[in-house]
Amino acid sequence: MASVVVVGTQWGDEGKGKIVDLLTRYADCIVRFQGGNNAGHTLVVDGKQYIFHIIPSGILYEDKACMIGNGVIIDPGVLLEEISELAGHGLPVTPDRLMISENAHLIMPYHKSIDLAREASLARGKKIGTTGRGIGPCYMDKVGRFGIKVAELLDPDLFHEKLKFNVEEKNYLLTQKFGAEPVSVDRIRAEFEVFAEKLAPFVGNVSMTLDKARRDGRNILFEGAQGTQLDIDHGTYPFVTSSNTIAGNACIGSGFGPAHIDSVIGILKAYTTRVGEGPFPTELPEGDAVGDQLQSKGGEFGATTGRRRRCGWLDAVVASDAVRLNGLTGLAITKLDVLSGQPVLKIARKYTADGREFDCMPGNIRQTAKLQPVYEELGGWDEDITRVRQFDDLPQNARDYIRHIEDITGVEPAIVSVGPDREETLLLKNPFAEK
């Protein structure tokens with residue numbers, strides 16, 4: 001058996017869903033361990049697109065056990081809608097295929113109201129770029145010990161007691177600080193009673209279930225959301241998400257012992273993108289010919305928000321940060337095909353700012369805003385590589401590009417994606433076969 005963690009190495013949107021889908025073939029259990037429905041995993045299977053926001057993308061396999069860990073925050077309405085959409089595609093989601101941790105916290109309507117009101121109150125240039133889905137306020141309540149857990153949703157009296165307390169406080173904040181509309185206790189209670197009835201069969205102890213799976217010799221795959229530079233502690237704060245996106249949180253967000261993790265695969269897009277606000281040293285501004293080509297050819301729009309992704313050259317400083325912070329044992333390089341047709345490719349090896357050199361992302365947001373990348377250039381290729389199925393059949397310059405990434409990061413490529421479809425992937429090293 002083996003336990004494998006998959007994380008993003010950049011600012012999210014690296015193509016984790018496709019890689020998780022590939023590795024799910026070899027796993028028995030697939031676990032989502034952090035984030036909420038502010039993240040999206042897009043898969044293309046036989047030309048059909050699927051977008052997941054909460055449910056692990058392993059649900060496309062009928063013989064796999066999928067789990068939502070305690071580190072995930074759940075909007076019950078969104079989760080039930082996702083379950084319904086999958087059923088409409090002929091993929092029924094049943095309690096024997098999906099377990100929700102009883103310790104996961106709930107995103108409440110007042111979280112979304114506060115999220116939107118707070119972002120709207122910020123001055124231009126100070127906005128975080130939140131998705132407005134209540135993620136930050138929900139994690140704030142969790143850390144502040146005012147959150148409501150899934151297990152408490154199933155206890156009507158306890159749920160009502162906590163709901164009344166929270167709504168009184170949140171309505172004061174909404175009306176007095178932000179001048180927004182209050183929320184209704186009765187309306188929320190009625191809505192969530194329906195959610196409780198529908199979700200109750202799915203609720204269980206994910207930690208205990210995973211430990212039994214481990215002792216039974218099962219392969220376990222842990223699926224993260226967003227990317228390393230969006231980590232609340234280690235990312236480009238405050239332009240980050242509200243949870244820990246790095247591999248260490250796979251254990252905390254699921255109740256799994258760290259000594260049992262065997263490998264960590266980092267998903268690295270062959271160039272770099274970012275959605276929303278925040279520093280992006282290698283960004284090619286909108287209107288730049290190469291940046292616009294990457295955006296158009298790569299279909300760079302957020303799976304959750306539909307927002308245009310900012311595009312730029314590969315940032316090896318960001319990649320190296322991810323290697324260190326996650327303890328990466330392998331890389332999955334995605335969207336290599338998007339670079340086809342570029343005569344020259346650039347990789348940022350370090351930054352400069354205020355007469356200093358930086359070989360990691362600085363912690364001061366004013367410094368990050370001034371960073372200028374120092375590039376090295378490599379030759380590109382013109383060939384269409386989407387039909388390539390063996391590494392040695394890639395154009396020489398494409399192989400050189402991948403090997404150069406390996407030299408910079410010190411981490412071997414385990415997977416190379418040459419197109420959006422499930423089959424357009426080169427599996428060079430299977431982490432489930434390495435133990």
Side-chain angles (χ1 to χ4, degrees), residues 8-15 18 40 42 44 49 124-125 129 227 229-230 236 239 267-320 331 333-353 358 361 368-388 394-405 408 416-421 424:
T9 62
Q10 297 155 314
W11 281 281
D13 305 308
E14 300 95 349
K18 180 186 178 184
T42 303
V44 179
Q49 185 180 82
R124 186 178 179 86
Q229 289 294 334
L230 292 177
T236 48
F239 300 99
I267 316 302
L268 180 73
K269 192 178 287 187
Y271 49 101
T272 311
T273 62
R274 177 166 197 168
V275 169
E277 306 296 327
F280 183 178
T282 65
E283 180 176 12
L284 296 167
E286 192 169 354
D288 178 273
V290 174
D292 288 350
Q293 287 170 13
L294 295 176
Q295 198 278 329
S296 176
K297 189 174 180 180
E300 297 296 353
F301 295 92
T304 297
T305 64
R307 290 182 293 181
R308 183 186 191 276
R309 293 176 186 147
R310 301 152 63 191
C311 296
W313 294 116
L314 182 64
D315 190 328
V317 179
V318 164
S320 297
L331 288 174
I333 299 173
T334 59
K335 291 200 169 183
L336 186 68
D337 55 298
V338 176
L339 294 181
S340 293
Q342 295 295 338
V344 176
L345 305 177
K346 296 182 180 181
I347 298 178
R349 292 296 302 270
K350 59 184 176 181
Y351 310 133
T352 60
F358 295 85
M361 187 69 72
T368 62
K370 299 177 183 178
L371 296 174
Q372 295 297 317
V374 178
Y375 288 116
E376 60 182 21
E377 297 185 353
L378 291 85
W381 61 91
D382 291 322
E383 296 92 330
D384 177 3
I385 62 172
T386 56
R387 297 183 182 276
V388 172
L394 287 169
Q396 181 64 52
N397 281 359
R399 282 178 279 153
D400 290 345
Y401 187 72
I402 293 170
R403 292 306 182 197
H404 197 62
I405 293 171
I408 293 170
V416 177
S417 173
V418 295
D421 202 82
E424 294 171 336

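Since this is a predicted model, take the numbers as computed values, not measurements. We number each residue from 1, following the sequence as shown.
Here the two rings, on Phe280 and Trp11, have centers that are under 6.0 Å apart.
Annotation: the span from Tyr375 atom OH to Glu377 atom CD amounts to 10.5 Å, rounded to 0.5 Å. The structure places CD of Gln342 at 5.0 Å from CH2 of Trp313, a figure rounded to the nearest 0.5 Å. To the nearest 0.5 Å, the span separating CG on Asp384 from CG on Asp337 amounts to 8.0 Å. Taken from CG in Asn397 to CD1 in Ile402, the straight-line distance is 11.5 Å, to the nearest 0.5 Å. Atoms CG and OG1, from Asp421 and Thr386 in turn, are 10.0 Å apart once rounded to the nearest 0.5 Å. In this structure, Ile408 CD1 and Ile347 CD1 are separated by 4.5 Å, a value rounded to the nearest 0.5 Å.
The number of heavy atoms from other shown groups lying within 6.0 Å of NZ (Lys297) is above 12. Residue-environment remark: CD (Glu286) stays at or below the threshold of 12 foreign heavy atoms within 6.0 Å.
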Checking side chain to side chain contact (heavy atoms under 4.5 Å, CB included) for the pair Leu339/Leu294: CA distance, chi angles, key distance, verdict?
-> CA-CA 7 Å; Leu339 294 181; Leu294 295 176; 3.9 Å; yes

Which is it for Arg310 and Thr282 under the side chain to side chain donor-acceptor pair (under 3.5 Å) test, yes or no, and what are the steps along the way?
-> CA-CA 10 Å; Arg310 301 152 63 191; Thr282 65; over 6 Å; no

Intermediate values then yes/no, side chain to side chain contact (heavy atoms under 4.5 Å, CB included), Ser340 and Ile385 | CA-CA 8 Å; Ser340 293; Ile385 62 172; 4.0 Å; yes

Kindly determine whether Thr236 and Arg274 satisfy side chain to side chain contact (heavy atoms under 4.5 Å, CB included), including the steps that lead there.
-> CA-CA 12 Å; Thr236 48; Arg274 177 166 197 168; 3.2 Å; yes

Show the numbers, then the answer: is there a side chain to side chain contact (heavy atoms under 4.5 Å, CB included) between Phe301 and Gln295?
-> CA-CA 8 Å; Phe301 295 92; Gln295 198 278 329; 3.2 Å; yes

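What you find for Ala398 and Leu336 is that their closest heavy atoms are CB-CD2, 4.5 Å. When every heavy atom of Pro279 is checked against every heavy atom of Phe239, the shortest pair comes out as CD-CD1, 3.9 Å. Between Thr273 and Gly12, the shortest heavy-atom contact is OG1-O, 4.2 Å. Heavy atoms only, all atoms of each residue included: Glu14 and Gln10 are closest at OE2-N, 2.8 Å.
Residues Arg349 and Val374 fail the side-chain proximity criterion, which asks for heavy atoms closer than 4.5 Å. Side-chain contact between Tyr401 and Leu314 is present, with heavy atoms from C-beta onward closer than 4.5 Å. Side-chain atoms of Trp381 and Leu394, non-hydrogen and from C-beta on, never get closer than 4.5 Å to each other. Residues Leu371 and Phe358 have side chains in contact (heavy-atom distance under 4.5 Å, counting atoms from C-beta outward).
Contact check on Glu300 versus Lys335 returns a salt bridge, with a Lys/Arg side-chain nitrogen under 4.0 Å from an Asp/Glu carboxylate oxygen. With respect to the salt-bridge test (charged N to carboxylate O, under 4.0 angstrom), the residues Arg308 and Asp292 qualify. Between Lys269 and Asp13 there is no salt bridge, since no side-chain nitrogen of the basic residue lies less than 4.0 Å from a carboxylate oxygen of the acidic one.
For the side-chain contact (heavy atoms from CB on, under 4.5 Å) with Thr9, the lone residue among Val318, Leu268, Thr272, Asp315 that qualifies is Leu268.
Listed for the Ser417 side chain is no donor-acceptor partner under 3.5 Å among the backbone atoms of Thr334.
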